[in-house]
Amino acid sequence: MEALHRVAKKVSDTIWEIPVSYKEGMRVPARIYATEKLIKDIDEGVIDQITNVATLPGITKYALCMPDGHFGYGFPIGGVAAMDVEQGGVISPGGIGFDINCGMRLVVTNLTYKDVKPHIKQLVDKLYKSVPAGVGSKGFVKLSRNDFRQVLQQGARWCVDNGYGWEADLELMEENGCLAGANPDKVSEKAIDRGFNQIGTLGSGNHYLEIQVAKKENIYDRELARAFGITIPDQVVIMFHCGSRGFGHQVATDYLQVFLKVMESKYGIKVLDRELACAPFDSPEGQAYFAAMQCGINMSFANRQVILHRIREVFSEVFGRSAEDLGLEMVYDVAHNTAKLEQHIVDGQARSLLVHRKGATRAFGPDMSDVPEAYKVYGQPVIIGGSMETGSYLLAGVPTGDQTFFSTAHGSGRKMSRTKARKTWSGDVLQKEMLSKGIYVRSTSASGLAEEAGGAYKNVDDVIEAAELAGISKRVARLTPIGNIKG
DNA sequence: ATGTTC
């Protein structure tokens, strides 16, 4: 993009740095991760947004934008910002996203493409019924509001204790599927009302559940693939993408209002965009949002856990074998809309940082804390949802990820607005075209399907290449869709 | 993303 070439210094083939002189108030430079090829697809607005982020109190080292970055609410989607909580660092809902702990889960099977192909229509049709999708969808798990508060505190553990999943699942999730700081007392009744019947639901927009094939020619690192459970040629896997539904949305909405009231009057913080509303992490308001936001994180882990349970039921029914027998085991579960307190070394000093990742995935390298024992020597699995037409990726974190506080991309990244995508494609035609390409897709909404057309996204291969060249994650396997339920 | 404009 012309504008970025003009304002940024090219630090390497994949890093563009905008200096603090670009805009008054910038505390640190902004860095955008992209190859020359990707630069042309980056929204002009991303430059403005990421440099706004660079003015926030406590921001450390850089305001970062991942290679799938695009325009978002306040922060770009793909934004990463680490705030030093001992230096007045802030917490900002715009740096986390409305869909708190929107994330990805990947599950393997011991089936091959040949095994699954004759059943794909039946599998997708049954999954479509079992995993409610679309706006306003309700789950089959019937909870009281007080049960739901337990879910908010316990996350995926609640599900396993109540028959939705296996003990071994918990080990294979970011944070083991639960953050301890969640406090339901900091959540509004309205948020509880919106969320208590949404456990086990997919949602809408770019949320989906997909059956994919790890084609043998698309394995980039055989050792890592094996470690992560991809062991047979043309193995079938299941990937899904969803979040905290109306619950997380309400938590974000509630605290944006709280922060707007106190930000300037009580804390003297001025932001360049109201969408960057924030409060000091160490303030009562900041701590309350942090505790409520962790409820959103736990709700979302629980949501994905119940969906996994439903997937196991459907596969078991279709193949007439138990889920254990079908090898329906977790690879991993990653969050890509969070802020988490982490220790990082910055210029040789250990710092306590609140790392905002908004449309960005944590990608811890080998031997780091919270990487499951089974993956410790390899680094954390990173699950990248591409578009439903083109494909997705399994990656791993790498030691050189420290440059982004161990963060990488989260998906392909939109390059076309939803409005424009709706005008460009017809959902019905797209569905037929995808079927002819070997992808059986069902959606609650034809226009919603059109919004998610592959052409509305950047090329996922380019995004992943940029992340690998930059040294923030490495490719393990590319995954090809054969069936998709789109919310 | 979102009871898709409290």
Side-chain angles (χ1 to χ4, degrees), chain A residues 43 49 68-79 92-105 132-139 145 148 187-209 240-258 260-261 274-275 277 292-293 295-297 299-301 303-304 307 334-339 356-361 385 387-388 410-414 416-423 427 443-452 456-457 485-487:
Chain A
D43 300 321
Q49 291 195 315
D68 54 337
H70 55 109
F71 191 78
Y73 182 93
F75 278 55
I77 294 159
S92 176
I96 293 163
F98 279 84
D99 190 7
I100 295 163
N101 189 7
C102 186
M104 310 289 310
R105 188 175 282 217
V135 177
S137 51
K138 294 180 177 64
R145 284 165 176 74
F148 185 63
V187 168
S188 70
E189 205 58 36
K190 194 170 175 184
I192 303 271
D193 277 342
R194 286 182 69 174
F196 81 102
N197 59 9
Q198 292 187 317
I199 293 287
T201 64
L202 206 51
S204 64
N206 63 357
H207 289 164
Y208 65 87
L209 191 168
F240 56 101
H241 176 217
C242 63
S244 51
R245 308 284 282 102
F247 176 75
H249 192 275
Q250 191 60 45
V251 169
T253 304
D254 291 341
Y255 281 94
L256 278 166
Q257 285 174 5
V258 171
L260 278 172
K261 268 188 213 129
R274 277 171 59 87
E275 295 181 357
M293 192 265 299
C295 290
I297 289 181
M299 189 278 187
S300 197
F301 282 137
N303 191 22
R304 292 196 287 274
I307 290 174
V334 293
H336 54 226
N337 278 5
T338 63
H356 294 71
R357 295 187 182 90
K358 192 236 194 124
T361 313
S387 82
M388 61 186 184
H410 83 306
S412 305
R414 290 200 81 85
M416 186 187 287
S417 71
R418 292 183 176 280
T419 314
K420 192 170 173 202
R422 277 199 303 274
K423 286 177 189 160
S443 176
T444 57
S445 148
S447 64
L449 192 67
E451 290 177 3
E452 296 302 313
Y457 283 86
I485 290 113
K486 207 214 72 65

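Throughout, a chain's letter reflects where its sequence line sits, starting with A, and its residues are numbered from 1.
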Gap between atoms [atom1] and [atom2], on [X] and [N] respectively (whole Å):
| X | N | atom1 | atom2 | result |
| --- | --- | --- | --- | --- |
| F196(A) | dG3(B) | CZ | P | 13 Å |
| N197(A) | dG3(B) | CG | C1' | 10 Å |
| D99(A) | dG3(B) | CG | C1' | 15 Å |
| N337(A) | dT2(B) | CG | P | 11 Å |
| Q250(A) | dC6(B) | CD | C1' | 10 Å |
| D193(A) | dC6(B) | CG | P | 16 Å |
| L449(A) | dT4(B) | CG | P | 21 Å |

NA contact type, [X], heavy-atom cut-off 4.0 Å: base, sugar-phosphate, or nothing?
| X | result |
| --- | --- |
| G448(A) | nothing |
| G243(A) | nothing |
| G205(A) | sugar-phosphate |
| E451(A) | nothing |
| K190(A) | base |

Quick one: is [X] getting a side-chain N or O under 4.0 Å of the [N] phosphate, OP1 or OP2?
| X | N | value |
| --- | --- | --- |
| Q198(A) | dG3(B) | yes |
| R194(A) | dT2(B) | no |
| R418(A) | dT4(B) | no |
| T253(A) | dT2(B) | no |

Just by modelled atom types, is the [Y] backbone N or O under 3.5 Å from a matching donor or acceptor in the [X] side chain?
| X | Y | result |
| --- | --- | --- |
| N101(A) | I297(A) | yes |
| N303(A) | L202(A) | no |
| R245(A) | I199(A) | no |
| K261(A) | L256(A) | no |

Quiz item: Closer to the 5' end of DNA chain B via nearest nucleotide, is it Q257(A) or F98(A)?
Solution: F98(A)
Quiz item: Using the ring of each side chain (for Trp, its six-membered ring), is H207(A) parallel, tilted or perpendicular to H241(A), with breaks at 30° and 60°?
Solution: perpendicular
